[in-house]
Amino acid sequence: MAPPLIGITTYLEPSARWGDWDLPAALLPAGYHRMAQQAGARAVLLPPDDDPAAAAEILSRLDGLVTAGGPDIDPARYGADRHPRTGPAYPARDAWELALTREALARRVPLLAVCRGMQLLNVALGGTLVQHLPTADAHRTARGVFGPHDVSPVPGSLLAKVLENEETVSVPTYHHQAVATLGEGLTATAHATGDDTVEALELSDADHFVLGVQWHPEAGEDLRLMRAFVSAAATGPGG
């Protein structure tokens with residue numbers, strides 16, 4: 001059997017430097033595709049598409065979807081005024097990843113939503129976000145550096161099963177926003193041990209793999225999340 005084909009969403013930046021070049025670029029930290037490959041999948045990158053309707057065509061060819069971390073979601077997407085600490089809007093990426101997320105849910109394509117991706121999952125289902133955590137320094141310790149903190153999975157959840165029922169797990173983190181009101185059908189299945197921030201989301205009645213995590217597994221060495229996701233993707237839609 002061929003390895004499952006996993007799509008991973010990307011940044012779209014107006015300027016990126018490499019070699020002699022400074023050009024607009026679709027880019028992604030290498031940890032994402034390397035982790036998917038290490039877990040037994042083939043990875044393809046999904047830069048924003050100007051036509052959100054293309055999401056259906058893309059998802060028909062993929063075995064699983066990873067929505068990657070990145071910039072803050074435009075608060076207009078969840079009906080909120082902009083907080084002074086909220087970053088600039090990236091409308092093309094927001095529109096594309098919301099379309100992909102909703103299409104993956106409709107098609108029952110396995111979904112792993114990472115950091116921004118988890119927040120996007122919440123927004124896609126009608127939830128809202130905290131735009132700047134009072135305890136943000138505990139979740140984003142230094143600029144451009146992933147810092148560790150502990151999370152506690154909820155017993156009986158998909159996440160708890162994937163993490164072998166460990167009571168607490170140290171994870172690499174970098175964010176200043178978080179889930180506020182849960183989207184329709186979502187359940188919080190992990191919390192930060194220090195401040196109870198929501199650290200994982202699952203669909204309570206899902207019969208396939210849907211998991212959002214607020215941390216960055218691609219920045220660590222623990223392959224359990226990606227292996228569970230790839231295993232579900234290998235079974236096809238509904239995995």
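Because the structure is a prediction, the values reported are computed rather than measured. Quick note: numbers below take in every heavy atom, side chains included, and nothing from hydrogens, waters or symmetry partners.
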Would the distance check show the side chain of [X] and the main-chain N or O of [Y] forming a donor-acceptor pair, the cut-off being under 3.5 Å?
| X | Y | answer |
| --- | --- | --- |
| Y32 | G69 | yes |
| T128 | T181 | yes |
| D63 | L5 | yes |
| S204 | G185 | yes |
| S231 | R227 | no |
| Q119 | Q177 | yes |
| E202 | L158 | yes |

Indicate if [X] and [Y] have the same hydrophobic cluster label, given that clusters are the connected sets of ILVMFWY residues with side-chain heavy-atom separations under 4.5 angstrom.
| X | Y | result |
| --- | --- | --- |
| L100 | L28 | no |
| F229 | V109 | no |
| L182 | L111 | yes |
| L211 | L59 | no |
| V171 | L201 | no |

Test side chain to side chain contact (heavy atoms under 4.5 Å, CB included) applied to L121 and T67, step by step: CA-CA 9 Å; L121 171 63; T67 47; over 6 Å; no
Check [X] against [Y] and note the closest heavy-atom contact, atom names and distance.
| X | Y | answer |
| --- | --- | --- |
| W215 | P172 | CB-O, 3.2 Å |
| I6 | A233 | CD1-CB, 3.7 Å |
| A26 | P47 | CB-CB, 3.7 Å |
| V179 | M118 | CG2-CE, 3.7 Å |
| P48 | Y11 | CD-O, 4.3 Å |
| A55 | W96 | N-CZ3, 3.6 Å |

Return yes when atom [atom1] of [X] has more than 12 non-hydrogen atoms of other residues, nucleotides or ligands closer than 6.0 Å, and no otherwise.
| X | atom1 | answer |
| --- | --- | --- |
| W21 | CH2 | no |
| D50 | CG | no |
| D81 | CG | no |

Chi angles and distances behind the side chain to side chain contact (heavy atoms under 4.5 Å, CB included) call for L105, L203: CA-CA 10 Å; L105 294 174; L203 273 177; 3.8 Å; yes
Reported [atom1]-to-[atom2] distance for the pair [X] and [Y], which is rounded to 0.5 angstrom:
| X | Y | atom1 | atom2 | value |
| --- | --- | --- | --- | --- |
| E218 | Q38 | CD | CD | 12.0 Å |
| I8 | L62 | CD1 | CG | 10.5 Å |
| R116 | D72 | CZ | CG | 8.5 Å |
| T101 | L125 | OG1 | CG | 8.5 Å |
| E199 | C115 | CD | SG | 9.0 Å |
| M35 | D222 | CE | CG | 7.5 Å |

Stepwise side chain to side chain contact (heavy atoms under 4.5 Å, CB included) test for L159 and V154: CA-CA 8 Å; L159 179 67; V154 172; over 6 Å; no
R93 bridged to D74 by N-O distance under 4.0 Å: no
Geometric class of the F146/H216 ring pair [parallel <30°, tilted 30-60°, perpendicular >60°]: tilted
Plane angle bin for H132 and H176 - parallel if under 30°, tilted between 30 and 60°, otherwise perpendicular: tilted
Any Q131 side-chain heavy atom under 4.5 Å of R85 side chain: no
Min side-chain heavy-atom separation V151-T173 under 4.5 Å: no
CA sep, side-chain torsions, deciding dist, call: R224, L163, side chain to side chain contact (heavy atoms under 4.5 Å, CB included): CA-CA 7 Å; R224 289 178 294 181; L163 297 179; 3.8 Å; yes
Intermediate values then yes/no, side chain to side chain donor-acceptor pair (under 3.5 Å), T135 and D195: CA-CA 7 Å; T135 54; D195 60 12; 2.4 Å; yes
